[in-house]
S.K.: 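One structure, pasted below without further comment.
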Amino acid sequence: MPELPEVETTRRGLEPLILNKIIENIAVRNARLRWPIPDTISAIKNQTITRIDRRGKYLILELNNDLHLIVHLGMSGSIGVLNKSTPLKKHDHFVIYFKDNAVLRFNDPRRFGCILLTDDNPLTHPLLASLGPEPLSHDFNAQWLKQKANSRMVAVKNFIMNAEVVVGVGNIYASEALFKAGIHPKRAASRISLRRYGFLVQAIKDVLHDAIRSGGTTLRDFSQSDGKPGYFQQQLNVYGRVNQACVMCSHPIKKTCIGQRSSYYCPKCQH
DNA sequence: ATCATCCCCTGATGGC
DNA sequence: TGCCATCAGGGGATGA
C-alpha cells in the first residue's frame with residue numbers, strides 16, 4: 001500500500017535508472033486501470049525522459065516534447081526497471097522499452113492505479129489542481145491546519161487523510177502520527193488547538209521522514225526481479241497492534257472504524 | 001461547503 | 001481440496 005514515502009522511494013529509485021533514457025516502444029497489456037490508459041499514450045514513443053517529479057502520491061514523468069506522464073500506484077502498484085529478458089509477471093499492465101534494453105514495468109494487481117498523459121502543465125490537471133501542501137514543505141504548518149479546520153466537525157483522522165488538507169498521509173501513517181501527537185483520531189478537527197496542531201504537524205513530518213529514510217535502504221534492490229521498492233520495516237507503534245500493549249503506557253491498543261477505515265489508537269495516551 | 005457512503009479490484013486469510 | 005465470506009485500502013463520485 002504505497003503511501004508518500006513509498007512513492008518518494010520509487011521516484012528516487014527511478015531517477016538513476018531511466019532519467020535521460022529514450023523510449024523506443026511501449027506496450028499496453030491491460031488498459032483498464034482506475035481510468036483507462038489513453039490511446040494517446042503512444043505519443044511518448046521516441047521521447048526522452050527529462051525529469052521525474054512527485055506531487056503527493058502522484059509521479060510525474062516529464063518528456064522532452066512537453067508531454068507529461070501522470071502515474072499513481074493506487075494501493076497495490078509498483079514499478080520495476082529490469083532487463084528485457086526478465087519474464088513478464090501477472091499484472092504487468094504497462095511496459096516501456098528503452099533504447100538501451102532496459103524495460104520499465106508497471107505492475108498493479110488491484111488496478112487502483114492510473115497512467116495518464118497530459119500536454120499541459122501537469123499541476124493544473126484536475127487530479128492535481130486542488131491538492132493541498134506537501135507535508136514535508138514549510139507550507140504545511142500548524143496555522144494552515146488550524147485555518148483549514150475552521151469549524152469542521154469531521155474526525156481529525158479523516159481530516160489529515162484529505163488530500164486537499166495535506167497530501168500523502170494515508171491510513172497507516174495517519175494512525176501513527178496521531179499517536180505520536182497524543183491526539184484521539186475521532187476528535188473533531190475544529191476542536192484541536194493551534195498548539196496541538198503544531199505537535200501533529202511535527203509528528204506527520206517525523207513519521208514520513210523516518211519512513212523515507214528506511215525506504216532508502218531498499219533503493220539498491222530496486223531493479224531486482226520483484227521490482228518493488230519494498231515496504232518499510234518501520235516501527236509501527238499502533239497500526240495493526242490491536243490488544244497489544246501501548247509502547248508508552250502498556251495499555252492495550254484499541255481498534256475502531258473511522259470512515260470505513262480501520263484505525264488504531266491508545267485510549268490512555270490519545271485525547 | 002461539508003461529510004458520510006459507495007465503489008473500483010485482487011490476494012490473503014480463515015472457517016467449514 | 002475447494003468454496004465462500006471477509007478484510008484490506010487510495011481516493012474520486014455521489015448524494016444528503
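Residue numbers start from 1 in every chain, and the chains themselves are labelled A, B, ... in the order their sequence lines are given, proteins ahead of strands. As a basis for the values below, the full set of heavy atoms in this structure was taken, side chains included, without hydrogen atoms, waters or symmetry mates.
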S.K.: With a non-hydrogen cut-off below 4.0 angstrom, is A:R152 in contact with a base, only sugar-phosphate, or nothing?
M.R.: sugar-phosphate

S.K.: Between A:Q260 and A:N150, which has a closest nucleotide on DNA chain B that is more 5'?
M.R.: A:N150

S.K.: So A:F159, base contact, sugar-phosphate only, or nothing? Heavy-atom distance under 4.0 Å.
M.R.: nothing

S.K.: Nearest nucleotide by nearest heavy atom, which residue falls closer to the 5' end of DNA chain C, A:N171 or A:W35?
M.R.: A:N171

S.K.: Go through C:dA8, B:dA4, C:dG10 for me and flag the one nearest to the A:H72 side chain.
M.R.: C:dG10

S.K.: Rounding to an integer number of Å, can you tell me how far A:N158 CG sits from C:dG10 P?
M.R.: 12 Å

S.K.: Expressed in angstrom and rounded to an integer, what is the separation of A:Y173 atom OH from C:dG10 atom P?
M.R.: 11 Å

S.K.: Just do the salt bridge (Lys or Arg N to Asp or Glu O under 4.0 Å) check on A:R213 and A:D210 with the steps written out, would you?
M.R.: CA-CA 5 Å; A:R213 199 175 318 122; A:D210 285 352; 3.5 Å; yes

S.K.: Assess whether one donor atom and one acceptor atom, taken from the side chain of A:R261 and the base of C:dG10, lie less than 3.5 Å apart.
M.R.: yes

S.K.: Checking A:D120 against A:T118: is there a side-chain donor and acceptor pair closer than 3.5 Å?
M.R.: no

S.K.: What contact category does A:K157 fall into here, base, sugar-phosphate, or nothing, at under 4.0 angstrom with non-hydrogen atoms?
M.R.: nothing

S.K.: Could you state the atom-to-atom distance from CD of A:E3 to P of C:dG11 in whole Å?
M.R.: 9 Å

S.K.: Classify the ring geometry of A:H72 against A:Y58: parallel below 30°, tilted from 30° to 60°, perpendicular beyond 60°.
M.R.: perpendicular

S.K.: For A:T50 and A:N64, does a side-chain donor sit closer than 3.5 Å to a side-chain acceptor?
M.R.: no

S.K.: If I take atom CZ in residue A:R34 and atom P in nucleotide C:dG12, what distance separates them, rounded to the nearest angstrom?
M.R.: 7 Å

S.K.: Could you please name the partner base of C:dA8, counting Watson-Crick and G-U wobble pairs only when both distances are under 3.5 Å?
M.R.: B:dT10

S.K.: Return the 5'-most residue of the pair A:K90, A:V154 with respect to DNA chain B, ranking by each residue's nearest nucleotide.
M.R.: A:V154

S.K.: Between A:N237 and A:I253, is any pair of side-chain heavy atoms under 4.5 Å apart?
M.R.: no

S.K.: Find the distance A:Y58:OH to C:dG10:P and express it as a whole number of Å.
M.R.: 13 Å

S.K.: Looking at A:E8 and A:R12, is any side-chain nitrogen of the basic one under 4.0 Å from a carboxylate oxygen of the acidic one?
M.R.: yes

S.K.: Check A:D100 with A:K21, please: is the shortest side-chain N to carboxylate O separation under 4.0 Å?
M.R.: yes

S.K.: Let me see the working for A:E164 and A:K148 under salt bridge (Lys or Arg N to Asp or Glu O under 4.0 Å), right down to the final yes or no.
M.R.: CA-CA 9 Å; A:E164 294 188 16; A:K148 281 300 263 191; 5.2 Å; no

S.K.: Expressed as a whole number of angstroms, how long is the span from A:I172:CD1 to C:dG10:C1'?
M.R.: 12 Å

S.K.: How long is the line joining CZ of A:R32 and P of B:dT10, in whole Å?
M.R.: 8 Å

S.K.: Counting any heavy atom closer than 4.0 Å, what does A:K148 reach on the DNA or RNA strands: base, sugar-phosphate only, or nothing?
M.R.: nothing

S.K.: Expressed as a whole number of angstroms, how long is the span from A:L116:CG to C:dG12:P?
M.R.: 12 Å

S.K.: Between the base of C:dG11 and the ring of A:F112 - centre-to-centre under 5.5 Å, planes within under 30° - is that a stack?
M.R.: no

S.K.: Between the protein and nucleotides 2-6 of chain C, which nitrogen or oxygen pairs are less than 3.5 angstrom apart?
M.R.:
none

S.K.: Side chain of A:K57: nearest nucleotide among C:dA8, C:dG11, B:dC9?
M.R.: C:dG11

S.K.: Nearest heavy atom decides the nucleotide; on that basis, is A:R110 or A:L131 closer to the 5' end of DNA chain C?
M.R.: A:R110

